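Read through the structure below, which is laid out as structure tokens, and then see the notes.
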2 protein chains.
Amino acid sequence: MQVAERAGVSLASTSRALHGTGASRAMVDRVRAAAAELGYSPDAIGRSLRMKRTFQVAFAVADIGNPVYVEMLTAIHEVLAPHGYRVVVMSTGHTVASTIDLVRSLGSGFVDGLIVSPLRTDDELVKAIQQAPVPVVVIGRSLEKQGIDSVSTDSAAGLGQAVAHLVEIGRRRIGFVNGPLDTTPGAARQRGFDAATSGPAFAGDHAETEQADDFTVAAGLAAARRLLSRTPAAGPFDAVVAANDLLAIGVIRAAGELGLSVPGALAITGMDDTEIGRVFQPSLTSVSLGSAERGRAAARLVLDRVGDVVEPAQQIAIGPHLVVRESTLPADPPAATPADLPGAEDVAGPPASKEKSAR
Amino acid sequence: MQVAERAGVSLASTSRALHGTGASRAMVDRVRAAAAELGYSPDAIGRSLRMKRTFQVAFAVADIGNPVYVEMLTAIHEVLAPHGYRVVVMSTGHTVASTIDLVRSLGSGFVDGLIVSPLRTDDELVKAIQQAPVPVVVIGRSLEKQGIDSVSTDSAAGLGQAVAHLVEIGRRRIGFVNGPLDTTPGAARQRGFDAATSGPAFAGDHAETEQADDFTVAAGLAAARRLLSRTPAAGPFDAVVAANDLLAIGVIRAAGELGLSVPGALAITGMDDTEIGRVFQPSLTSVSLGSAERGRAAARLVLDRVGDVVEPAQQIAIGPHLVVRESTLPADPPAATPADLPGAEDVAGPPASKEKSAR
DNA sequence: GTGAAAGCGCTAACAC
DNA sequence: GTGTTAGCGCTTTCAC
């Protein structure tokens, strides 16, 4: 700041001039000019120390490479950046313990808030979040009762939508390829499948689950091989519900290996409605969980909180909705592309830069 | 810090005890205990102000959603996190001007270094980078002569590899679907294609370029439709080289529309070797540009620089290499999946968590 | 509307 | 090996 003082005014005035409040036109001009000349921009750290705000928000997930989290990150960034907030990417690690460490590390005050989507949760983590020194928003299961801001979606209901759709197009023997049950999404989706396929409401003849080791294509392929090698008494499977798009693509590949046409012999649904599913051949029917929307909602929540809104914990729910594409088309069309790019039908969301890319 | 002083020692000792240097066993134990009791962790901002280091590095690209950048981000994070560095995600915007603004903003000192991969570059940006107050590493074209650390790859040569491969498997009439020419990658790849298909070394009969509006699936589909609607005098195209994987997938879809089998009637190559290409049906032959490796290299470079290594600007080149998959298989196999998951053959790189995902 | 001065939390000299 | 002290760059009272 000594530098900008070359404008012949005090430190205080310089600060005031550069940062809005209470300075005369003349002062502002003078200081601005001097600052421009010297190529000066105020030090973010000094500012942070004084103001006790870093203008940074952390986004933490287990695996930043996951398309779903990438969509969230993009959305979060888009909401936060215009407000002058930077986004710090962090990893929760794969265990609850490492996630707790992460939350505790907020104590050093390098961010004003945290958006976290933990794969696994327990009471200790909940407690750590409750005691966190900065606002924390959880994307995942609802924690309203625990007094924690959260953005959730009903993936169990989403699974119900997928099953209902398959039954509606005449499928009766439905397999479910799920990911690890000890994860929050894995557990929720299992609940959804079980609910949808048990009781008199289920019009199908058979329902069966096979568990994949992970939410990946490779794991989906392996699990689907196991599932499809079995033939239920009611007859061979005519549909498979996958717990996410990556698993679903593994299932499609397994179907290919076995010479099963998709959707002719085997209809397949995914979940998350990711780009990869939209452009796949056949394009993938998927339950959208509104990843971008959840990201935006979470970002707005932290923004509220850091702006010292002190209302009680909020819970925002984003409804799942099914997007029907080729992989569950009633008739088995030739391997041609539909008139427009698959996925064109569901450009309902924001006019975001979906399918954008380069280099 | 007043708090931790409850341990009955001075501020300085507390700092020393918590942060390594020169404190007795007893002191360390005592302070650690007190700190643990009070749930204290040292304030990152105060520390930064004093040390003039933020322990943060920014990673800036035009579009964080692009799979290539996601791979880089993951790799960068993996290298930096163990060294105690946080990663701040930023956007370069789509114009050179906005990228220049970004570089200038480093003046406020919120990060210790920047890794940037600009789509477009000009002299002014180069100058801004040279004058930047913190180390900047550019991923893209080589800027060694300009005294800027850079990590580059020879995508032009990579295009040559793709063309050579197609010629080798007997293709003679090769189309090229490129992205915008006014981008650094677009220009380089055009140069590569032109070099590979002109002069006596080219054993093919015809070479022709069609430009897409963007590096996306949709743009690739549109461009491929235009390209394939033309029939060169030498005969219909029997191969298409795409400037990246997303464009290539657009080309595959266009081929589907026209009833052209891939690779039977039309062999197709992509570039970037992304997950989406690896799992696609048919899996995509692609020129790997070592995204993760470039990310790691860039991260190590900034790490060197912030550790005040003062050597002259470095330039690290990552060689492109072709990964052959189904989309250019000499014979047209039935639509079955190969024995293992496509892409399994090229797990040469790090044992990274490729195809990892969840939720 | 402007200047002077205090102090955010920390680490690194510097004495002892 | 430990305590004392200065000061990093900024914003914000508090006087004027």
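None of these values were measured; they are calculated from a predicted model. Both backbone and side-chain heavy atoms feed into the values below; hydrogens, waters and symmetry mates do not. Lettering follows sequence order; numbering is per chain, from 1.
- Within 4.0 Å of Leu49(A), counting heavy atoms only, lies at least one base atom of the nucleic acid.
- One interatomic measurement links the two molecules: CD1 of Ile45(A) to C1' of dG7(C), which rounds to 17 Å at whole-angstrom precision.
- Separation of atoms CG (Asp214(A)) and CG (Asp63(A)) is listed at 8.5 Å; rounding is to 0.5 Å.
- Nucleotide dT12(D) holds its C1' atom 10 Å from the CE atom of Met51(A), rounded to whole Å.
- In this structure, Arg50(B) atom CZ and dT11(C) atom P are separated by 9 Å, rounded to whole Å.
- Between Arg47(B) and dG9(C) there is no side-chain polar atom (N or O) within less than 4.0 angstrom of OP1 or OP2.
- Judged as a side-chain hydrogen bond (donor to acceptor under 3.5 Å, both in side chains), the pairs with a partner in residues 42-58 of chain B (not counting sequence neighbours) are, in order, Gln56(A)-Gln56(B), His19(B)-Arg47(B), Arg53(B)-Tyr85(B), Thr54(B)-Asp112(B), Gln56(B)-Arg86(B).
- For the pair Phe55(B) CZ and dC10(C) C1', the computed distance is 12 Å after rounding to whole Å.
- Using a 4.5 Å cut-off on side-chain heavy atoms (C-beta onward), Leu80(B) and Leu303(B) make contact.
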Between N or O atoms, less than 3.5 Å apart, protein on one side and nucleotides 1-3 of chain D on the other: list the pairs.
from: dT2(D); atom 1: OP1; to: Ser24(B); atom 2: OG; distance (Å): 2.8
from: dT2(D); atom 1: OP2; to: Ser24(B); atom 2: N; distance (Å): 2.9
from: dT2(D); atom 1: OP2; to: Ser24(B); atom 2: OG; distance (Å): 3.1
from: dG3(D); atom 1: OP2; to: Ser10(B); atom 2: N; distance (Å): 3.2
from: dG3(D); atom 1: OP2; to: Ser10(B); atom 2: OG; distance (Å): 3.1
from: dG3(D); atom 1: OP2; to: Ser13(B); atom 2: OG; distance (Å): 2.4
from: dG3(D); atom 1: N7; to: Arg16(B); atom 2: NH2; distance (Å): 2.7
from: dG3(D); atom 1: O6; to: Arg16(B); atom 2: NH1; distance (Å): 3.2

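- Contact between the side-chain N/O atoms of Tyr40(B) and the OP1/OP2 oxygens of dG9(C) is not found at any separation under 4.0 Å.
- At a threshold of 4.5 Å between non-hydrogen side-chain atoms, the residues Leu114(B) and Leu106(B) count as touching.
- Just one residue in the list Asp182(A), Thr92(A), Thr183(A) forms a side chain to side chain donor-acceptor pair (under 3.5 Å) with Arg120(A), and that residue is Asp182(A).
- The list of salt bridge (charged side-chain N to carboxylate O under 4.0 Å, His left out) pairs with a residue in residues 88-110 of chain A, not counting sequence neighbours, reads Arg104(A)-Glu124(A).
- Residue Lys52(B) places no side-chain N or O under 4.0 Å from the OP1 or OP2 atom of dC10(C).
- One atom, CG of Leu18(A), and another, P of dG9(D), lie 16 Å apart when rounded to the nearest Å.
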